[in-house]
Amino acid sequence: MSMRWDCCKISLQAPPLDYSFRGISFIQDLLTEEPRAGPKVIKRSAEGKLLTHALRLNNNTINELTDFTSTMEQLLEYPEELSWVDLSFNDLPTIDPVLTMYPNLRALNLHGNSIQSLSEVDKLAVLPRLRTLTLHGNPIEEEKGYRSYVLSVLPQLKSFDFSGVTKQDRSTATIWRRMNVKPKKVKKRRDDY
């Protein structure tokens with residue numbers, strides 16, 4: 001346990017694994033592409049896997065996250081600890097449910113993609129630690145009630161679209177939700193007589 005704790009501490013302090021501006025179209029390409037070098041080197045485990053909790057995939061041409069989980073398992077020593085993912089400025093048309101497999105995800109950048117439906121945000125409601133989210137620059141930004149909808153689905157957010165979430169934002173989101181989201185009807189069972 002001590003070895004894992006030491007590795008996790010190192011991972012938290014490590015810079016992100018940076019594949020930004022690499023022309024990546026498929027997640028599997030991360031296995032053959034060299035990440036960008038930064039001023040601080042990412043340490044490796046005894047097995048040679050990277051010790052980081054952050055991943056930068058921005059400014060590529062990714063349009064799906066097929067093989068995301070298996071690729072993370074091959075690259076990272078503790079993929080389940082992934083806490084920060086930048087997928088901004090890609091071609092993602094939806095929010096892939098694979099992102100919900102990372103319960104420690106705290107920050108997710110999805111701005112500048114092609115997300116069409118506001119209901120895609122609902123998928124992220126299962127991420128209890130998500131505190132920072134960006135979605136601006138997607139077609140959903142044009143939908144009426146965009147900010148209120150997102151904040152009503154994800155009330156735990158502290159920052160949304162690079163702007164702090166205020167008490168007024170939360171209040172507006174609560175009111176908006178009451179006025180715009182119809183409660184689910186409970187089907188009454190008919191007893192056989």
Side-chain angles (χ1 to χ4, degrees), residues 1-20 22 24-60 62-113 115 119-135 150-151 153-160 162 165:
M1 186 66 169
S2 176
M3 176 70 160
R4 180 177 168 87
W5 175 245
D6 289 343
C7 286
C8 283
K9 279 190 344 193
I10 290 168
S11 297
L12 282 171
Q13 298 165 359
L17 183 55
D18 189 354
Y19 290 98
S20 60
R22 288 292 198 217
I24 293 171
S25 298
F26 304 100
I27 294 297
Q28 309 90 298
D29 293 346
L30 302 182
L31 300 173
T32 56
E33 186 70 37
E34 221 22 67
R36 298 171 73 83
K40 204 172 169 188
V41 177
I42 301 173
K43 294 186 173 156
R44 291 184 179 268
S45 69
E47 292 78 28
K49 293 184 179 183
L50 296 157
L51 296 170
T52 185
H53 291 172
L55 179 63
R56 187 174 277 152
L57 291 168
N58 57 296
N59 295 85
N60 285 296
I62 299 167
N63 63 16
E64 63 177 10
L65 298 181
T66 302
D67 297 326
F68 188 85
T69 302
S70 62
T71 302
M72 292 304 104
E73 287 171 354
Q74 291 177 63
L75 290 173
L76 304 176
E77 181 65 28
Y78 302 110
E80 70 281 1
E81 298 295 331
L82 197 60
S83 63
W84 185 83
V85 177
D86 186 350
L87 284 159
S88 61
F89 300 107
N90 276 287
D91 296 322
L92 295 170
T94 62
I95 297 175
D96 196 302
V98 73
L99 296 171
T100 66
M101 304 304 291
Y102 298 90
N104 292 307
L105 200 58
R106 296 182 62 80
L108 181 59
N109 293 344
L110 291 168
H111 57 278
N113 275 285
I115 301 168
S119 63
E120 287 292 313
V121 176
D122 297 355
K123 297 172 185 174
L124 301 175
V126 300
L127 295 171
R129 294 182 177 95
L130 188 65
R131 298 293 180 266
T132 302
L133 176 66
T134 60
L135 287 168
V150 172
L151 295 177
V153 172
L154 304 169
Q156 76 276 20
L157 290 180
K158 302 284 185 213
S159 174
F160 177 55
F162 296 117
V165 177

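Treat the numbers as computed from the prediction; the structure is a model and nothing was measured.
A heavy-atom distance below 4.5 Å is found between the side chains of I42 and P15. Under the 4.5 Å side-chain criterion, counting only non-hydrogen atoms from C-beta, L17 is in contact with L76. Side-chain contact between L55 and Y102: absent, with no pair of heavy atoms (C-beta onward) separated by less than 4.5 Å. By the 4.5 Å heavy-atom criterion applied to side chains, L75 and Y19 are counted as neighbours. Residues L57 and I27 form a side-chain contact, since some pair of their non-hydrogen atoms from C-beta on lies under 4.5 Å apart. You'll find the side chain of F160 reaches within 4.5 Å of the side chain of L151, heavy atoms only. Contact check for L110 versus I95: side-chain heavy atoms found under the 4.5 Å cut-off. Two residues are said to be in side-chain contact when any heavy atoms from C-beta on lie closer than 4.5 Å; L124 and V153 fail this criterion.
In this structure, OG1 in T71 is found 4.5 Å from CG in L31, a value given to the nearest 0.5 Å. Rounding to the nearest 0.5 Å places CG of N109 at 5.0 Å from CZ of F162. Atom CG of L82 and atom NE2 of H53 lie 8.5 Å apart (nearest 0.5 Å). To the nearest 0.5 Å, atoms CD (E73) and CD (E80) are separated by 9.0 Å. A distance of 6.0 Å separates CG of D91 from CG of N63, quoted to the nearest 0.5 Å. Of the inter-residue distances, the one linking S88 atom OG with L108 atom CG reads 10.0 Å to the nearest 0.5 angstrom.
Every residue two or more places apart in sequence or in another chain was checked for a ring pair (Phe, Tyr, Trp, His ring centres under 6.0 Å) with F26, and none qualifies. Judged as a salt bridge (charged side-chain N to carboxylate O under 4.0 Å, His left out), and not counting sequence neighbours, E64 has no contacts. R131 meets the salt bridge (charged side-chain N to carboxylate O under 4.0 Å, His left out) test with no other residue; sequence neighbours excluded. Judged as a side chain to side chain contact (heavy atoms under 4.5 Å, CB included), and not counting sequence neighbours, the contacts of F89 are N59, H111. With sequence neighbours left out, the side-chain hydrogen bond (donor to acceptor under 3.5 Å, both in side chains) criterion links Q156 to no other residue.
Between V98 and the options T69, T66, D67, a side chain to side chain contact (heavy atoms under 4.5 Å, CB included) holds for only T69.
Using modelled atom types, one side-chain atom of N113 and one backbone atom of N90 make a donor-acceptor pair closer than 3.5 Å. At distances below 3.5 Å, not a single donor-acceptor pair connects side-chain atoms of R36 with backbone N or O atoms of R22.
Pairs passing the side chain to side chain donor-acceptor pair (under 3.5 Å) check and including a residue from residues 119-130, sequence neighbours excluded, read N104-R129, S117-S119, E120-K123, D122-Y149.
Between V150 and V121, the closest heavy-atom pair is CG2-CG2, 4.0 Å. L51 and A14 make their closest contact through O-CB, 3.2 Å (heavy atoms, listed as atom of the first residue, atom of the second, distance). When every heavy atom of V126 is checked against every heavy atom of P128, the shortest pair comes out as O-CD, 3.0 Å. For the pair M72 and L30, the tightest heavy-atom approach, listed with the atom from each and the gap, is CE-CD1, 3.8 Å.
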Exercise for review: Report the C-alpha distance between L99 and L87 in whole Å, list the side-chain angles of each, state the deciding distance to 0.1 Å, and finish with yes or no for side chain to side chain contact (heavy atoms under 4.5 Å, CB included).
Suggested key: CA-CA 11 Å; L99 296 171; L87 284 159; 4.2 Å; yes
Practice item. Please step through side chain to side chain contact (heavy atoms under 4.5 Å, CB included) for the pair L50 and R44, ending with a clear verdict. Key: CA-CA 5 Å; L50 296 157; R44 291 184 179 268; 3.6 Å; yes
